[in-house]
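What follows is a short report on a single structure.
Naming convention: chains lettered A, B, ... in sequence-line order (proteins, then strands); numbering from 1 in each chain. FYI, side chains are in, hydrogens and waters are out, and symmetry mates aren't considered; it's all heavy atoms of this structure.
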Number of protein chains: 2
Amino acid sequence: MISNRELYPLISVDIALFSVVEETLKVLLVKRAQEPEAKKWALPGGVLKPDRDISLEATARRVLADKVAVELPHLEEVATYSGPDRDPRGWSIAVLFYALLPHDQVNALVRSKVEALSWENALSPENLLAFDHTAQLQAALEILRDKVVSHALPLHLMPEKFTLTALQRTCEAILGGPIDKSVFRRRIRGSHDLIELDEFVRGAQRPAHLYRASEGFKF
Amino acid sequence: MISNRELYPLISVDIALFSVVEETLKVLLVKRAQEPEAKKWALPGGVLKPDRDISLEATARRVLADKVAVELPHLEEVATYSGPDRDPRGWSIAVLFYALLPHDQVNALVRSKVEALSWENALSPENLLAFDHTAQLQAALEILRDKVVSHALPLHLMPEKFTLTALQRTCEAILGGPIDKSVFRRRIRGSHDLIELDEFVRGAQRPAHLYRASEGFKF
DNA sequence: AGAATAGTGTCTGTCAGACAGTATCGC
DNA sequence: GCGATACTGTCTGACAGACACTATTCT
């Protein structure tokens, strides 16, 4: 008898949802409740439902809506993983997406009785992940980094209004190292993606200008 | 009655196979023999066979082996296209790959009685393609360009031995515009991907040094 | 010699990295 | 004034674009 999976592979979607907590890049992990790989940590994912989903990106949005109670600003494909052995249930395809959650919305996680959610350090994960998710996370990180290196600003990770220093900290969190303040500011001065507001942050020091992302910026 | 496709989507692979003919970037197209979209030109593709393919990349290699009689040096994923409407047969997923064929092997096309093959100008295709293949071609081109812009040398498109001028012409074919010779040579001088041979091309002019790609170069 | 192609040298502007300096707040 | 943070100025080296120059072959 041949398995059903040899005719119809399992099609699912995995998501690397990134955010920034305490100036560190984090990724959302789920503790798997069911077999296979029960009790292991994994990237959130779910199977395609063709009767409900209009695309695989829609599948990803549906899966994410289960975990996070806010609209996600940014969702992008990374790569696809396939083969007969990566999932014990048989021939499977997983399309990996990454998503960015502004760090002022990190607490918008949905309470769930069946599964535990956790923000894990994205650059140096503590645990080995289920399936091929360690490789997936690595691939998502790489794309994220490439974008920032090639002068794209991770504005989707920022709250509506933010200071330049906060933006710099976010870039540093993604790249994993310090950036010279002068260099950083010189580079983004040429960018049309930022709009300077007439508002300031007042704290225990010199007030900082607030900025917001321009309407149709690209990441 | 619901269609079978609403339970099990059609999973296929499309390939943008690039090569260079007469210093122009070309892409291999197939004239579709069967419905749907019969007689329209399209990127070569085929459906996943889980009992035979060890991955979607393997599917792509199998499909290509039908069209081209040589081992392909380079095959890489571009993106995936999905949804209920992109193929009239119902919910479908197509994973797009691009592949590079050295331009001295452009004639290694397999004769086929059922389908016509053609090398089409990749930068400005003559015809509208079937399904969403026009968009797919555009996406594959973009990735190809990005790589060359970010200082990667398209050595997979070159024959085993080649001159620097030939390499430059290939880069120009991909980017669609001229490159300054001095700039080009200065940039690749720092590259460890090229090995200078002790051989020369003798023609009607000053002989040119031959080069080959180093073993483990990345593209 | 002249045509043709291979290959180099040089000038200039731009920009990144490094680091020091100035500005403006709370206390 | 002092600490802290925001923000700017400047020096230097590397590199890109542009373009002229030299080198080596064939006819």
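Nearer to the 5' terminus of DNA chain D, by closest-nucleotide assignment, is the contact made by A:R169 (compared with the other of B:R202 and A:R169). When the nearest nucleotides of DNA chain C are assigned to B:V183 and B:T163 by heavy-atom distance, the more 5′-ward of the two goes with B:T163.
In this structure, B:K181 places its NZ atom 13 Å from P of D:dA20, rounding to the nearest Å. With rounding to whole Å, A:D180 atom CG is found 13 Å from D:dT10 atom C1'. Taking atom OH of A:Y211 as the reference point, atom P of D:dA6 lies 12 Å away to the nearest angstrom. For the pair A:R189 CZ and D:dA6 C1', the interatomic distance rounds to 12 Å; values are reported in whole Å. In this structure, A:L167 places its CG atom 12 Å from P of D:dC7, rounding to the nearest Å. Between the P atom of D:dT10 and the CZ atom of A:R185 lies a distance of 18 Å, rounded to the nearest Å. Rounded to whole Å, the distance from CZ on B:F200 to P on D:dC26 is 13 Å. Between the CD1 atom of B:I188 and the C1' atom of D:dC15 there is a distance of 16 Å, rounded to whole Å.
Taking 4.0 angstrom as the limit, B:R206 places none of its side-chain polar atoms (N or O) nearer than this to OP1 or OP2 of D:dA23. Using a 4.0 Å cut-off, no side-chain N or O of B:R186 falls inside it from OP1 or OP2 of D:dG17.
On the nucleic acid side, DNA chain C has its first and last nucleotide under 4.0 Å of a heavy atom of chain A at C:dA16 to C:dG26, going 5' to 3'.
Between A:F217 and A:H156, the ring center distance clears the sub-6.0 Å criterion.
The aromatic rings of A:F219 and A:Y98 sit perpendicular to each other, their planes meeting at more than 60°, with 30° as the lower class boundary.
Counting heavy atoms of neighbouring residues, nucleotides and ligands inside a 6.0 Å radius, atom CD of B:E196 exceeds 12 of them. Around CD1 of B:I195, the count of heavy atoms belonging to other residues, nucleotides or ligands within 6.0 Å exceeds 12.
A:S182 comes within 4.0 angstrom of a nucleotide base, judged by non-hydrogen atoms across all strands. Using a 4.0 Å heavy-atom criterion, one finds that A:R187 contacts the sugar-phosphate atoms exclusively.
A side-chain donor-acceptor contact under 3.5 Å links A:T59 and A:D53. Using modelled atom types and a 3.5 Å distance limit, the side chains of A:H103 and A:Q105 yield no donor-acceptor pair. Using modelled atom types, one finds a donor on one side chain and an acceptor on the other under 3.5 Å when comparing B:Q168 with B:E172.
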